[in-house]
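Worksheet for the structure shown next.
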Amino acid sequence: MPWIMCKTASGFYTLDNSEMSAENLSEIIKTMKNCFGKRMTFDWRAGFDGNSAAFEVKIDGIRITVGWDIWSGAFIMAWNRGGDGIIKEIESFL
């Protein structure tokens, strides 16, 4: 299934893929790192429980969450308008 762009409850973009599992997160992050190179840094904030997993990254200093939960599958989520532009850029290479 392809990635689908949606908006979060706060009105910012998210890319969702309901067919991916938590095990796909490392592959997603690796793909993003290959595409963004030094523009992407890791915030090293991560959370895991039985229903979700998430990592915080920064691209051009803008916070993005890469995660998985039982409701959405894999997701890549913006936190502000700057992040919306990054999400559109990510969509172009996924």
Side-chain angles (χ1 to χ4, degrees):
M1 174 173 212
W3 289 88
I4 298 171
M5 187 177 293
C6 305
K7 286 200 173 190
T8 64
S10 55
F12 303 116
Y13 287 130
T14 179
L15 289 166
D16 299 337
N17 190 321
S18 63
E19 293 187 7
M20 290 193 159
S21 66
E23 289 78 25
N24 295 114
L25 290 179
S26 62
E27 174 186 329
I28 295 164
I29 290 172
K30 182 179 178 180
T31 299
M32 289 174 61
K33 187 67 176 165
N34 287 338
C35 291
F36 288 107
K38 292 182 180 185
R39 293 175 58 198
M40 182 172 152
T41 59
F42 294 89
D43 207 5
W44 293 118
R45 291 181 11 185
F48 306 96
D49 66 24
N51 297 316
S52 63
F55 297 91
E56 298 291 328
V57 300
K58 289 189 177 178
I59 301 169
D60 299 335
I62 298 169
R63 178 182 174 200
I64 300 291
T65 298
V66 180
W68 172 87
D69 63 38
I70 62 172
W71 307 277
S72 305
F75 61 87
I76 306 168
M77 183 178 75
W79 287 91
N80 55 40
R81 295 282 171 237
D84 282 348
I86 299 291
I87 295 298
K88 288 179 183 178
E89 189 174 350
I90 293 168
E91 181 185 37
S92 73
F93 64 75
L94 285 180

Checklist line | Under 3.5 Å: donor-acceptor pair, side chain of Asp69, backbone of Ser72 | finding: yes
Next item on the list: Determine the minimum heavy-atom distance between Ala78 and Gly83, stating which atoms define it.
Entry: CB-C, 3.4 Å
Note to self: Testing the basics here: between Ile62 and Ile86, what is the closest heavy-atom pair and its distance to 0.1 Å?
What the structure shows: CD1-CG1, 4.2 Å
Next item on the list: Would you indicate whether the side-chain heavy atoms of Trp3 and Ile90 approach each other to under 4.5 Å?
Entry: no
Note to self: Please give me the minimum heavy-atom distance between Ala53 and Leu25, naming the atom from each residue.
What the structure shows: CB-CD1, 3.9 Å
Next item on the list: Spell out, yes or no, whether Ile28 and Trp68 are grouped together once hydrophobic residues are joined by side-chain heavy atoms under 4.5 Å, including indirect joins.
Entry: yes
Notebook entry, point to check: Hey, what do you get for CG (Asn17) to CZ (Phe75), rounding to the nearest 0.5 Å?
Noted result: 12.5 Å
Next item on the list: Specify the closest pair of heavy atoms between Cys6 and Asp16, including all atoms of both residues, with the distance to one decimal.
Entry: SG-OD2, 3.9 Å
Check: Do you know the tightest heavy-atom contact between Thr65 and Ala54?
Finding: CG2-CB, 3.9 Å
Note to self: Grouping I, L, V, M, F, W and Y whenever their side-chain heavy atoms are under 4.5 Å apart, do Leu94 and Tyr13 come out in a common cluster?
What the structure shows: yes
Checklist line | Separation of Ile76 CD1 from Met32 CE (nearest 0.5 Å) | finding: 5.0 Å
Checklist line | Separation of Ile59 CD1 from Cys35 SG (nearest 0.5 Å) | finding: 9.5 Å
Check: Which heavy-atom pair separates Phe93 from Phe36 by the least distance, and what is that distance?
Finding: CZ-CE1, 3.4 Å
Check: Rounded to the nearest 0.5 Å, how far apart are OG1 of Thr14 and CD1 of Ile87?
Finding: 6.5 Å
Next item on the list: With rounding to the nearest 0.5 Å, note down the distance linking CD in Glu56 to CD1 in Ile64.
Entry: 9.0 Å
Next item on the list: Please determine, by modelled atom types, if Asn34 and Thr31 share a side-chain donor-acceptor pair under 3.5 angstrom.
Entry: no
Notebook entry, point to check: Does Lys7 make a cation-pi contact with Phe12, if we ask for NZ or CZ under 6.0 Å from the ring centre and within 45° of the axis?
Noted result: no
Note to self: Is there a continuous path of hydrophobic side-chain contacts, each under 4.5 Å between heavy atoms, that joins Ile29 to Met20?
What the structure shows: yes
Notebook entry, point to check: Take atom NZ in Lys33; do more than 12 heavy atoms of anything else shown fall under 6.0 Å from it?
Noted result: yes
Notebook entry, point to check: CE/Met5 to CG/Asp84 distance, rounded to the nearest 0.5 angstrom?
Noted result: 8.0 Å
